[in-house]
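Okay, structure first, notes after.
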Amino acid sequence: MNLSAELVNFAYIISAALFILGLKMLGHPDSARRGNLYSAVGMALAIIVTLLADSIVSFEVIALATLGGTVVGALAARLVAMTSMPEMVALFNGSGGAASLLVGWAALYDEILGTSAPSTFILITIILSILIGGVTASGSLIAYGKLSERMTTAAIVFAGQRIVNSLILVGIVGSSVMFCLEPTLGSQWFWVLLALSLVLGVMAVIPIGGADMPVVISLLNSYSGLAACAAGFAIGNNLLIVAGSLVGASGIILTNIMCKAMNRSLANVLFSGFGAAKAATKVEGEVKPIVADDAFLILEAAQSVTFVPGYGMAVAQAQHVVRELGELLEKNGAEVNFAIHPVAGRMPGHMNVLLAEANVSYEQLVEMDDINPRLPNTDVVVVIGANDVVNPAAREDENSPIYGMPIINVDHARTVFVLKRSMGSGFSGVDNPLFFKENTRMLFGDAKQSISALVAEFKS
Amino acid sequence: MNLSAELVNFAYIISAALFILGLKMLGHPDSARRGNLYSAVGMALAIIVTLLADSIVSFEVIALATLGGTVVGALAARLVAMTSMPEMVALFNGSGGAASLLVGWAALYDEILGTSAPSTFILITIILSILIGGVTASGSLIAYGKLSERMTTAAIVFAGQRIVNSLILVGIVGSSVMFCLEPTLGSQWFWVLLALSLVLGVMAVIPIGGADMPVVISLLNSYSGLAACAAGFAIGNNLLIVAGSLVGASGIILTNIMCKAMNRSLANVLFSGFGAAKAATKVEGEVKPIVADDAFLILEAAQSVTFVPGYGMAVAQAQHVVRELGELLEKNGAEVNFAIHPVAGRMPGHMNVLLAEANVSYEQLVEMDDINPRLPNTDVVVVIGANDVVNPAAREDENSPIYGMPIINVDHARTVFVLKRSMGSGFSGVDNPLFFKENTRMLFGDAKQSISALVAEFKS
Amino acid sequence: MEAVFLSFILMLSIFLGFELISKVPATLHTPLMSGANAISGITVLGALVAAGANNSEMATWLGGASVFFAVINVVGGYMVTDRMLAMFRKKPTGGAA
Amino acid sequence: MEAVFLSFILMLSIFLGFELISKVPATLHTPLMSGANAISGITVLGALVAAGANNSEMATWLGGASVFFAVINVVGGYMVTDRMLAMFRKKPTGGAA
Ligand SMILES: NC(=O)c1ccc[n+]([C@@H]2O[C@H](COP(=O)([O-])OP(=O)(O)OC[C@H]3O[C@@H](n4cnc5c(N)ncnc54)[C@H](OP(=O)(O)O)[C@@H]3O)[C@@H](O)[C@H]2O)c1
Ligand SMILES: NC(=O)c1ccc[n+]([C@@H]2O[C@H](COP(=O)([O-])OP(=O)(O)OC[C@H]3O[C@@H](n4cnc5c(N)ncnc54)[C@H](OP(=O)(O)O)[C@@H]3O)[C@@H](O)[C@H]2O)c1
């Protein structure tokens with residue numbers, strides 16, 4: 001069965017509508033899952049009609065590649081731990097970038113081998129598709145490396161970095177122009193362009209600290225949409241344009257929301273290596289450790305307890321025991337809340353996902369702006385593997401690199417327990433004066449073990 | 001200067017973006033006026049580039065028609081009283097419908113006289129443009145007649161109406177098919193189609209009561225968008241399609257909001273002549289009139305006063321004196337509110353426009369759902385020319401045609417003053433048991449005069 | 001193929017229209033209605049082409065008439081909306097307290 | 001003319017994207033990000049055409065590779081999003097009181 005171009009495109013309209021509906025439904029917890037399904041159905045429809053279109057004549061390569069991709073994608077999606085979601089999204093995103101790059105490349109062959117000489121407009125869109133795709137692919141890989149801590153999470157800066165980057169940009173523009181002037185298959189300008197795109201992705205991401213990776217991923221996500229868009233212009237496909245720009249817009253908005261939550265501009269995130277900032281005031285003082293037995297006694301007497309989860313809860317996979325502890329405390333008569341910082345963890349909404357996994361009900365989750373005024377009247381705050389998002393230096397120390405970031409003011413509570421394994425710093429690499437405050441007690445150890453110990457005490 | 005089709009269309013993209021931005025900005029009181037300006041600039045841009053396009057060769061007729069239209073439109077917009085806004089919009093809307101009809105008609109000439117035979121797709125879009133345009137034009141005229149009370153506001157129903165309407169529809173479909181089969185210039189089928197479209201508009205609106213006219217206008221507004229859309233398909237103009245569907249969507253949403261506020265379905269509004277409903281329980285009892293002097297004494301002693309404006313305030317142009325009275329009451333120590341019913345007046349948001357004109361500040365305006373729970377503790381409610389929106393029959397009398405419509409429960413307040421000229425009913429033609437309640441006092445007379453009398457008492 | 005593009009545009013505009021309008025507060029419904037009505041005067045573009053293309057005399061006259069009506073809709077619609085919205089402006093001195 | 005239509009579509013989709021996303025609550029940002037990422041796998045269409053059109057051997061291989069990567073993005077993206085969202089479902093018994 002061979003569908004005409006018109007029919008294929010009318011099916012694309014339906015797909016686009018499904019994507020739009022899907023994104024709309026992703027906006028409400030109740031309909032989100034169905035929304036994702038709608039979007040997937042739209043994608044399946046688009047793929048099927050494309051395969052049935054008369055432009056496709058040979059299926060062997062397609063079948064093989066699809067099989068391979070499905071297996072890899074499905075396994076990855078199944079096996080990844082919820083805590084490694086950010087890395088996974090980075091990899092998927094890089095995959096999408098690579099695909100755009102390759103589509104652009106293939107389109108180039110078709111154009112140049114085609115009957116008439118390719119128009120400059122088409123060439124430009126192809127180059128954009130390769131460039132953006134390449135940056136997305138290599139940039140996402142680096143982001144993956146940093147997030148999974150397979151490479152240093154620190155910002156990598158070196159002398160002359162700006163000059164090198166400027167040279168790369170000049171090289172890209174130059175080779176693009178040269179290539180457009182003489183678009184031949186073996187053109188060395190094409191190879192230069194390809195290589196420089198990949199290098200640019202690397203260079204753009206290495207000077208950004210690990211703590212800012214979520215912003216980078218969201219931005220790269222937006223780029224992968226733009227790359228799809230450019231590919232759509234290159235091959236004249238409406239659906240690529242619609243879907244690509246929806247993704248592009250969504251990435252930019254999320255990026256913006258995250259930057260706002262950290263009180264920083266996007267330029268600041270992208271261009272000022274986090275670790276390279278001025279040195280913060282050195283923190284000194286006495287640390288007061290506490291053991292689980294003593295912490296239990298205090299919790300037992302508390303009227304109000306607020307949990308502040310952070311990345312450490314994700315690492316320790318402590319969400320289930322945390323929920324259990326919360327329930328025990330409630331039975332014990334205390335009022336229990338979970339205070340969610342918008343950028344706690346490694347992705348926006350990361351903590352919400354984990355606590356939802358552990359069946360904590362919505363009503364107990366309180367946002368930063370709502371919890372802060374209530375903290376002075378809270379008996380105990382339990383900080384579970386959070387660090388940067390509760391660092392009072394953001395409020396008090398003008399020299400701190402995170403100065404100005406809105407935080408949860410846990411130090412205003414009557415007592416603060418901090419559950420972490422060491423005196424180590426958070427992802428931003430900044431020391432935390434909270435640990436030395438009068439009302440702070442450090443409960444050292446893996447968060448899951450510490451909480452489990454508390455749960456055991458309550459049960460006995 | 002002759003612009004190429006490409007350039008014209010790129011300008012159209014900018015216009016469309018301006019329309020979208022404009023509509024977006026119309027959503028906030030602060031930016032609304034600027035939004036309307038953006039939208040007007042978009043329209044001006046579109047008109048200018050169209051005139052410069054190379055398809056336009058003679059300008060005499062255009063110049064004349066534009067001049068005429070501008071004078072009429074500007075004068076109408078300048079001279080109309082704020083209270084007659086709904087009628088005005090109905091007329092403008094009808095004007096737009098007539099334009100779509102004529103554009104479709106003209107396109108027909110071009111197509112049939114053109115070199116190749118017109119495609120069925122084009123013919124169908126042309127027919128749609130004529131049909132929807134015709135219905136919008138004649139329907140809007142009838143709506144205008146009902147709103148301005150130049151014709152009876154009652155629903156006009158007669159035996160066999162459904163049959164007649166069905167015949168009209170059959171006629172329209174039949175003549176369309178016949179015309180598509182043999183599209184010639186002198187075809188009698190075309191004339192049948194044209195006439196039936198206009199008749200359909202009339203027949204669709206006459207069985208709808210005057211009180212439902214705002215819904216009708218909003219729906220016809222949506223139609224005029226659809227007509228523009230159809231015309232856009234007929235002549236292959238993107239901007240007509242974008243702008244037309246924006247308007248179409250907006251009209252449908254507003255219609256829906258209004259229907260919800262009246263607790264009725266759109267089908268119910270369109271197909272069940274309001275006056276033709278089952279007879280409401282007859283209202284009987286004693287009416288207690290009051291004079292301004294006595295009303296003044298009660299108001300002077302009141303701690304909390306809520307004004308409930310309705311269509312009568314618009315008729316009497318009483319908004320300015322009402323604001324003055326409100327200020328005097330506040331000086332006197334009372335808490336003053338304005339309770340706004342969503343369908344008070346003759347257009348959605350009608351009361352807001354009038355009170356804004358009179359400089360009443362936003363904060364004093366309270367929505368129906370917020371004011372109702374507060375009414376039992378309110379000393380005095382002053383109903384200014386509102387009737388249906390405060391009719392307790394909507395809550396209590398299952399036989400009433402307006403049963404189920406959410407109302408402002410003014411009868412729950414300690415004392416209610418009703419300012420109107422007579423015992424006449426509101427636009428729905430339904431009796432109002434409120435006037436006979438124990439705690440109701442009727443202050444007969446023109447609303448502006450009654451309020452002015454109260455203001456004078458306060459000042460002396 | 002043109003029909004495809006036009007349908008795509010139609011679909012997107014409808015969704016966009018819904019998203020845009022469903023956020024508008026009740027206060028602004030009257031100006032919104034008349035503002036949207038002014039936009040529907042966009043038919044004026046089709047009218048201009050019909051009146052100015054010199055295709056046939058009849059089309060020119062029909063086009064001329066439609067220019068007249070469409071211009072009434074556009075000019076009147078925008079002006080009346082502006083008049084209404086002028087009342088919503090931030091007031092230097094609020095009505096009361 | 002095609003470029004015009006495509007630009008029109010681009011403009012509308014961008015506006016629509018902004019309207020849609022700016023309403024999503026923070027709770028759902030992680031699934032939104034990965035769901036949007038899955039949609040960006042739409043490049044798979046271009047990849048399929050490149051791999052299946054039999055234009056040149058090189059284009060076929062490049063297309064095949066891009067199908068592979070795009071399918072990873074699509075399949076993995078949707079599945080992982082679904083896994084996350086499954087946790088947000090209405091619970092029969094809420095976590096606590
Ligand atoms: N979520 C987002 O969207 C987003 C976006 C952009 C940036 N960021 C950045 O990410 C950071 C998030 O802050 P955060 O407070 O959630 O995390 P954080 O500052 O990275 O701190 C995590 C803490 O958890 C502790 N930890 C690790 N494993 C643990 C375990 N098994 N048991 C107990 N504790 C453990 C670590 O201390 P030990 O090693 O001593 O145990 C570490 O100090 C911020 O810097 C934020 O700006 C997030
Ligand atoms: N706003 C909308 O969007 C919308 C949409 C759809 C339907 N509607 C319908 O419109 C109606 C609106 O209700 P409403 O309560 O605002 O108005 P209403 O029910 O039409 O009543 C208006 C009252 O004002 C009085 N009045 C007229 N001129 C007056 C003057 N100069 N001074 C004092 N009183 C005067 C009239 O009584 P006298 O003749 O005795 O003075 C009349 O009873 C409802 O039926 C509603 O369903 C509105």
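Below, chains carry the letters A, B, ... as their sequence lines are ordered, and counting in each starts from 1. Quick note: numbers below take in every heavy atom, side chains included, and nothing from hydrogens, waters or symmetry partners.
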When only pairs under 4.5 Å are counted, which of A:Ser39, A:Gly96, A:Gly251 shares the most heavy-atom pairs with chain D?
A:Ser39

Using distance alone, with no hydrogens and no angle criterion, decide if A:Glu330 and A:Gln364 have a side-chain donor and acceptor under 3.5 Å apart.
yes

Segment of A:Ile217 engaging chain D (4.5 angstrom heavy-atom cut-off):
both

Looking only at heavy atoms and a cut-off of under 4.5 Å, which of D:Val67, D:Ile42, D:Leu12, D:Val75 has the most pairs with chain A?
D:Ile42

Taking the side chain from D:Thr43 and the backbone from A:Ser100, do they hold a donor-acceptor pair closer than 3.5 Å?
no

Under 4.5 Å from any heavy atom of chain A - which part of D:Leu20
side chain

Part of A:Tyr109 within contact of chain D (heavy atom distance under 4.5 Å)
side chain

Close side-chain approach of D:Phe68 to A:Val72, heavy-atom, < 4.5 Å
yes

Heavy atoms only, distances under 4.5 angstrom: which of A:Ser224, A:Ala107, A:Gly225 has the most pairs with chain D? Name it, please.
A:Ser224

One thing to verify: whether A:Lys331 and A:Glu327 come together as a salt bridge, which I'm taking to mean a side-chain N less than 4.0 angstrom from a carboxylate O.
no

At a 4.5 Å cut-off on heavy atoms, which part of A:Leu21 comes close to chain D: side chain, backbone, both, or neither?
neither

Any A:Ile126 side-chain heavy atom under 4.5 Å of A:Glu111 side chain:
yes

Counting C-beta onward and ignoring hydrogens, is there a side-chain heavy-atom pair between D:Met58 and A:Trp105 closer than 4.5 Å?
yes

With a 4.5 Å heavy-atom cut-off, do A:Asn93 and D:Asn73 have their side chains touching?
no

Please state whether the side chain, the backbone, both or neither of A:Ser218 comes within less than 4.5 Å of a heavy atom of chain D.
both

If you define the side chain from C-beta out and look only at heavy atoms, does anything of A:Val336 sit under 4.5 Å from A:Phe338?
yes

Non-hydrogen atoms of chain D under 4.5 Å away: do they reach the side chain of A:Ile62, the backbone, both or neither?
both

Check whether A:Ala46 gets within reach of chain D through its side chain, its backbone, both or neither, counting any heavy atom under 4.5 Å.
both

Identify which part of D:Ala70 has an atom lying under 4.5 Å from any heavy atom of chain A, answering side chain, backbone, both or neither.
both

Is A:Leu240 close to chain D through its backbone or its side chain, or both, or neither, when contacts mean heavy atoms under 4.5 Å?
both

Of the listed A:Thr50, A:Asn237, A:Ile253, the one with the largest count of heavy-atom pairs under 4.5 Å with chain D is A:Ile253

Max heavy-atom pairs within cutoff under 4.5 Å with chain A, candidates D:Gly76, D:Gly17, D:Ser34, goes to D:Gly76

One pair to check against side-chain contact (heavy atoms from CB on, under 4.5 Å): A:Leu239 and A:Phe19. What are the steps and the verdict?
CA-CA 10 Å; A:Leu239 189 52; A:Phe19 289 152; 4.1 Å; yes

May I ask you to name which of A:Leu254, A:Leu246, A:Leu91, A:Val89 has the most heavy-atom pairs under 4.5 Å with chain D?
A:Leu254

So what's closer than 4.5 Å to chain D heavy atoms on A:Val80: side chain, backbone, both or neither?
both

Interface residue of largest heavy-atom contact number with chain D, from A:Ala74, A:Gly232, A:Ala228, A:Gly22, under 4.5 Å:
A:Ala74

Which portion of A:Ile235 sits near chain D, non-hydrogen atoms under 4.5 angstrom:
side chain

With a 4.5 Å cut-off on heavy-atom pairs, point out which of A:Lys24, A:Met88, A:His28, A:Met43 contacts chain D the most.
A:Met43

State, with a plain yes or no, whether a side-chain heavy atom of A:Leu102 is found less than 4.5 Å away from one of A:Ile130.
no

Which region of A:Ile257, side chain (C-beta onward) or backbone (N, CA, C, O), has a non-hydrogen atom less than 4.5 Å from a non-hydrogen atom of chain D, or is it both or neither?
side chain

Heavy-atom cut-off 4.5 Å, strictly under: side chain, backbone, both or neither for D:Val49 against chain A?
both

Does the side chain of D:Met84 reach to within under 4.5 Å of the side chain of D:Val80, using non-hydrogen atoms?
yes

Hey, are the side chains of A:Met25 and A:Arg33 touching, using non-hydrogen atoms and a 4.5 Å cut-off?
no

